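Keep in mind the model is a prediction, meaning the values are calculated, not measured.
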Amino acid sequence: MALSTLTARVDEKDKLSFDAFCSSVGLTSSAAINIYVKAVLRERRIPFEIRQEDSFFSAENQAYVLKSVKELRAGKGSAHELIETDDD
């Protein structure tokens, strides 16, 4: 099987940390990247979840919002004017 080179630019500190990690588990960086490539091809997807965390939509915050809405609908609470701050 012919081999090919895959080149990627990575932050220098990240590369050093990655190399150190790979070494600590008995792999070369090349072997670790090959494992990743094989997993992508086998699973036909990125083998881990990629997402942007938005704390507003967290389960904890949504539960708090729903609880607050129920309390307001039950008459437990009061409306107030919007409080704006100048936090530049």
Side chains of residues 67-74: which donor-acceptor pairs under 3.5 Å do they make with residues two or more places apart or in other chains?
residue, atom, partner, partner atom, Å
Lys67, NZ, Glu71, OE2, 3.2
Ser68, OG, Tyr64, O, 3.0

Exercise. Side chain to side chain contact (heavy atoms under 4.5 Å, CB included) with Thr28: which residues, sequence neighbours excluded?
Worked result: Ser30, Ala31

Exercise. Cluster partners of Leu27, using ILVMFWY side-chain heavy atoms under 4.5 angstrom, listed by chain and number?
Worked result: Phe21, Val25, Ile35

Problem set entry | Pairwise salt bridge (Lys or Arg N to Asp or Glu O under 4.0 Å) hits with a residue in residues 22-40, at least two apart | none

Problem set entry | Of all pairs that satisfy salt bridge (Lys or Arg N to Asp or Glu O under 4.0 Å), the ones with a partner from residues 40-50, not counting sequence neighbours | Glu43-Arg45, Glu49-Arg51

Exercise. Would a hydrophobic clustering, with Ile, Leu, Val, Met, Phe, Trp and Tyr connected at side-chain separations under 4.5 Å, put Tyr36 with Ile50?
Worked result: yes

Problem set entry | Residues that Ser24 engages under side-chain hydrogen bond (donor to acceptor under 3.5 Å, both in side chains), provided they are two or more places apart | none

Under 3.5 Å donor-acceptor pairs involving side-chain atoms of residues 2-16, not counting sequence neighbours:
residue, atom, partner, partner atom, Å
Asp11, OD2, Lys13, N, 3.0
Asp11, OD2, Asp14, N, 3.3
Lys15, NZ, Asp19, OD2, 2.6

